[in-house]
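Read the structure below first, then the notes.
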Amino acid sequence: VRTQHHTLQIETLSRVEFKDITGQLERLIERSGIPSGQCHVFVPHTTAAVLINENNDQALRQDMADFLKKLAPSTADYLHNDGNCDAHLKAALIGASKTLLIENRRLLLGRWQGIYFCEFDGPRRRDFHVKLVAD
């Protein structure tokens, strides 16, 4: 199989949340049989994103949330005033997609890296798409 497409669901429990999806992606890759290639992750929501960052210290998630809150506070006077403009701005900063490398049926990540689904307008049930492409 040269390519596989998967749609996964995720439940977020708070307005801003960083959920580690590294394990889910690794399990998909293991089951895929693809030894080498790319893993594309795409979030089809304008108030959510996908992030690659450190996954060793959970305090970093709170630091990231606090940093983004300073950049785009929920209480600012936005022209787009439906109550979630800050979520749109945060998602735009982080980005809706990432491409990762697969080698030996594993994600090629740095020692401390993990992949996070970033929720900025929760709690919600969200989807994200994963496309695995063999070399």
Which heavy atom of [X] sits nearest to which heavy atom of [Y], and what is that distance?
{"X": "Gly114", "Y": "Thr22", "answer": "CA-OG1, 3.3 Å"}
{"X": "Pro123", "Y": "Leu13", "answer": "CB-C, 3.6 Å"}
{"X": "Asp135", "Y": "Gly37", "answer": "OD1-CA, 3.3 Å"}
{"X": "Ala87", "Y": "Asp121", "answer": "CB-CB, 3.8 Å"}
{"X": "Gly95", "Y": "Ala49", "answer": "O-CB, 3.1 Å"}

Judged by atom type as modelled, is there a donor-acceptor pair below 3.5 Å linking the side chain of [X] to the main-chain atoms of [Y]?
{"X": "Thr99", "Y": "His40", "answer": "no"}
{"X": "His88", "Y": "Thr46", "answer": "yes"}
{"X": "Lys131", "Y": "Gln38", "answer": "no"}
{"X": "Gln4", "Y": "Ser32", "answer": "yes"}
{"X": "Arg105", "Y": "Ile29", "answer": "no"}
{"X": "Tyr116", "Y": "Glu54", "answer": "yes"}
{"X": "Lys98", "Y": "Val50", "answer": "yes"}

Problem - Chi angles and distances behind the side-chain hydrogen bond (donor to acceptor under 3.5 Å, both in side chains) call for Asp127, Thr7 - result: CA-CA 7 Å; Asp127 293 330; Thr7 299; over 6 Å; no

Transitive ILVMFWY side-chain link [X] to [Y], under 4.5 Å:
{"X": "Phe42", "Y": "Ile94", "answer": "no"}
{"X": "Leu51", "Y": "Phe128", "answer": "no"}
{"X": "Ile115", "Y": "Val133", "answer": "no"}
{"X": "Leu28", "Y": "Ile52", "answer": "yes"}
{"X": "Phe117", "Y": "Leu109", "answer": "yes"}

I want to check something: taking the side chain as every heavy atom from C-beta on, are [X] and [Y] in contact at a cut-off of under 4.5 Å?
{"X": "Leu132", "Y": "His6", "answer": "yes"}
{"X": "Val43", "Y": "Arg126", "answer": "no"}
{"X": "Ile34", "Y": "Arg2", "answer": "no"}
{"X": "Asn84", "Y": "Arg15", "answer": "yes"}
{"X": "Arg125", "Y": "Gln9", "answer": "yes"}
{"X": "Ile21", "Y": "Leu8", "answer": "no"}

Practice task
Scan residues 23-44 for pairs that pass salt bridge (Lys or Arg N to Asp or Glu O under 4.0 Å), counting only residues two or more places apart or in two chains.
Solution key: Glu26-Arg106

Find the distance between [atom1] ([X]) and [atom2] ([Y]) and round it off to the nearest 0.5 Å.
{"X": "Ile102", "Y": "Leu108", "atom1": "CD1", "atom2": "CG", "value": "10.0 Å"}
{"X": "Glu17", "Y": "Cys118", "atom1": "CD", "atom2": "SG", "value": "10.5 Å"}
{"X": "Asp20", "Y": "Asn53", "atom1": "CG", "atom2": "CG", "value": "11.0 Å"}

Problem - Derivation of the side chain to side chain contact (heavy atoms under 4.5 Å, CB included) call for Arg124 and Glu119 - result: CA-CA 8 Å; Arg124 293 178 184 253; Glu119 173 67 75; 4.0 Å; yes

Show every donor-acceptor pair shorter than 3.5 Å between a side-chain atom in residues 58-77 and any protein atom, with sequence neighbours excluded, or say none if there are none.
| residue | atom | partner | partner atom | Å |
| --- | --- | --- | --- | --- |
| Arg61 | NH1 | Phe18 | O | 3.4 |
| Gln62 | NE2 | Asp66 | OD1 | 2.8 |

